[in-house]
Amino acid sequence: MSSAEKLRNLPAVDEVLRSPQLSEEFLSQPRPQLVEWIRNAIARCRGELLNGKDLTSDEALRYVIEETGRQQRQENGRCQQAVINATGILLHTNLGRAPMADSAISRMRESSGYANVEMNLTSGKRSGRGERACRLLQQLAGAEDAVVVNNCAAATMLVLQAVASGREVIVSRGQLVEIGGGYRLPEVFAASGATLKEVGTTNRTYLRDYENAISEQTGAIIRVHRSNFYQGGFVTEPDIADLVALGKERNVPVIDDLGSGCMTDLSQYGLQEPTVPGSVQAGADLTLFSGDKLFGGPQAGIIVGTSEFVEPLRRNPMMRALRVDKVTLAALAATAEIHLSGRATEELPLLQMMSRSAELIHETAQRVHGEIRVPPGAQLQVVECISEVGGGSVPGSSIPGYGLQLTGTDSELMAKLLRSEAPAVLGRISDDTVILDLRTVAADQIPTLIVRLQAALDSAGVPS
Ligand SMILES: *Cc1c(COP(=O)(O)O)cnc(C)c1O
């Protein structure tokens, strides 16, 4: 058969669309999307035919429909949706970092229609955007003032641009971090128009290194929290209070890029992390942190500090480009209220999960274990798991807890099955076993987890 004859067996887009083999769910997708998938599938089928494959017109139609379904599944995987995080990583950047508190979620919903974002309802006059959220954040940090931008990277850029554009920023060589997703501090410095003035060595930087670097050109000193790695051994760096003392003496502003946004002492969980109030109290002129890490709120970059440095940021032309929307402001205010009223451990999902005792998680793991019917050939065990904070916070943290380990299955296939129905369950694969760490699974997600795990096991076709 010639190529031209073979290609006659290719279906047309309309023919595929009329095929009774297409599911209703598929046909409910937006039309341009359907047509695109079908066209791609036909093009692929054409390629196969030209490569020598022989397909009758029925076979070609079936090929195109299958290929169309594959594309739809690929696209479904991209649809943003709720997932169950059984990775044991509390702040997982790929999974949207901190889960938000119920009150933050309802305030976001309330604010998504018309809302008085820039109006004081008592006076009926125009007010500053997000005044309430900023006041709460300022109180929480114990600072004179606060402003909010899109994320901590934006906060760094705005602050450096405002304080040190065209001048030098002094930073320790031990703090030139890459956070992840290609976010490299030196590049943000460059984007702000400030020049990097590196001091010290990778492992040791002394106060005198900063002191010797101060000149006419100096715009600021910045301390960057090593939020996603740690150094041990022969290591020294001045703490923020020493940098503040030097800054005051030489009249150089001191910026503290904390990133992680820890509000309270975490030592009760065996974790060491500098806090935002600690940085403010030590006297940093500006302290920067993310809204969606340990603060436990929405994505945002929060800047707190002295009025002298914070107030001008509101009028900075960059501010307009970096400001957040009303929904974020609502969630930030609700989250700040939780911290301020001392209810963080009870109401912030992140802290609830972090503070849950290993015994409680063990009980949950045994309960789940008892409910699952494991097919022959596979084994499900309750195992100890070590969770971590992750997401650019508390580097090297390890929080002991429990989870379930599934052996005797094709772990890649199981992981895929667990991801493939809603809500997707995301675990870890280790030594060809699937591990579901239960520290990061909320109590109300457990029944769903059981259903999803059972369904995945039932359809895995475990070899006996
Ligand atoms: C996480 C982090 C950032 C980036 O924060 P985003 O909110 O993701 O932009 C910046 N600096 C430090 C020290 C961080 O830990």
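Every number for a ligand or one of its atoms is a count from 1 in the order of the listing.
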(message) Centroid separation under 6.0 Å, is that true for the rings of His225 and Phe289?
(response) no

(message) Using a 4.0 Å cut-off to any heavy atom of Lys293, which atoms of ligand 1 qualify?
(response) 1 (C), 2 (C), 3 (C), 14 (C), 15 (O)

(message) Around atom CD of Glu211, are there more than 12 heavy atoms from other residues, nucleotides or ligands closer than 6.0 Å?
(response) yes

(request) Using a strict cut-off of less than 4.0 Å between a Lys/Arg side-chain nitrogen and an Asp/Glu carboxylate oxygen, indicate whether Glu75 and Arg78 qualify as a salt bridge. (result) yes

(request) Please identify which atoms of ligand 1 are closer than 4.0 Å to at least one heavy atom of Asn151. (result) 6 (P), 7 (O), 9 (O)

(request) Could you tell me whether Glu311 atom CD has more than 12 heavy atoms of other residues or ligands within 6.0 Å of it? (result) yes

(message) Could you check whether atom CZ of Arg70 has more than 12 heavy atoms from other residues, nucleotides or ligands sitting under 6.0 Å from it?
(response) yes

(message) Regarding ligand 1, does Thr156 bring an N or O atom to under 3.5 Å of one of the ligand's N or O atoms?
(response) no

(request) Could you tell me if any non-hydrogen atom of Arg226 lies under 4.0 Å from any atom of ligand 1? (result) no

(message) For ligand 1 and His225, I'd like to know whether there is a polar contact (N/O to N/O, distance under 3.5 Å).
(response) no

(request) May I ask you to check whether Cys152 has an N/O atom sitting below 3.5 Å from an N/O atom of ligand 1? (result) yes

(message) Does ligand 1 come near enough to Ala300 that some N or O of the ligand is less than 3.5 Å from an N or O of the residue?
(response) no

(message) Counting non-hydrogen protein atoms only, what is the nearest one to atom 15 (O) of ligand 1? Give residue, atom name and distance.
(response) Ser227 OG, 2.4 Å

(request) Could you check atom 9 (O) of ligand 1 against the protein and tell me its nearest heavy-atom contact, residue, atom and distance included? (result) Ala153 N, 2.9 Å

(request) Could you tell me whether Arg323 and Glu118 make a salt bridge, using a distance below 4.0 angstrom between a side-chain N and a carboxylate O? (result) yes

(message) Give me the atom names and distance for the closest heavy-atom approach of Asp325 to Arg129.
(response) CA-NH2, 3.7 Å

(message) Would Arg97 count as a contact residue for ligand 1, given that I'm defining contact as a non-hydrogen atom of the residue lying under 4.0 Å from a ligand atom?
(response) yes

